[in-house]
Amino acid sequence: MERYALLTGTYNLLMGGIKDFKRSYPTEKEAFKEVQRIAKNDPFTQWAQIVDKKTDTAKIYRIADKKIIEDKSEDCCHSEPKRKVEPQYA
């Protein structure tokens, strides 16, 4: 499997699933080209996610009217690299 996994679907439930996985790509650019192709040709796909398996980060896109909009939501736990958290003591 390549480094960048592409997941797409009709409804984004933020839980993912193997049925949403399309394929993997060696570069993010190649994965995004596929998102562009899907946006142009598949009216039922409403979201796409490119997951970098090396850094455990993801870019999430909404697709509407053949336009791709990156979702910059801070609610997504995979939108930026994991940070180390210092332990808290009572």
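Quick note: numbers below take in every heavy atom, side chains included, and nothing from hydrogens, waters or symmetry partners.
Across every non-hydrogen atom of Tyr4 and Ala31, the tightest pair is CB-CB, 4.5 Å.
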message = Apply salt bridge (Lys or Arg N to Asp or Glu O under 4.0 Å) to residues Glu30 and Lys33 and explain how you reach the verdict.
response = CA-CA 5 Å; Glu30 288 178 77; Lys33 281 184 184 180; over 6 Å; no
request  = Apply salt bridge (Lys or Arg N to Asp or Glu O under 4.0 Å) to the pair Glu28 and Arg3, showing each step before the final yes or no.
outcome  = CA-CA 8 Å; Glu28 185 178 352; Arg3 177 176 174 173; over 6 Å; no
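When atom types are taken as modelled, the side chain of Asn41 and the backbone of Arg37 share a donor-acceptor pair closer than 3.5 angstrom. Formation of a donor-acceptor pair under 3.5 Å by the Trp47 side chain with backbone atoms of Gly9 is found in this model. Judged by distance alone, with hydrogens and angles left aside, the side-chain atoms of Thr10 form no donor-acceptor pair with the main-chain N or O of Thr45 at under 3.5 Å.
Counting heavy atoms from C-beta outward, Asp20 and Thr8 have side chains that stay 4.5 Å or more apart. Side-chain contact between Leu6 and Gln49: absent, with no pair of heavy atoms (C-beta onward) separated by less than 4.5 Å.
Test Lys67, Glu70, Gln46 against Tyr61 for side chain to side chain contact (heavy atoms under 4.5 Å, CB included) and you get one pass: Glu70.
Between Phe32 and Tyr25, the ring centre distance reaches or exceeds 6.0 Å.
Ser24 meets the side chain to side chain contact (heavy atoms under 4.5 Å, CB included) test with Met1, Glu2, Phe21; sequence neighbours excluded.
Linking Ile, Leu, Val, Met, Phe, Trp and Tyr whenever their side-chain heavy atoms come within less than 4.5 Å leaves Ile60 and Ile68 in two separate clusters.
With rounding to the nearest 0.5 Å, the separation of CD in Gln36 from CD1 in Ile63 is 10.0 Å.
Within a 6.0 Å radius of NZ in Lys53, other residues, nucleotides and ligands contribute more than 12 heavy atoms.
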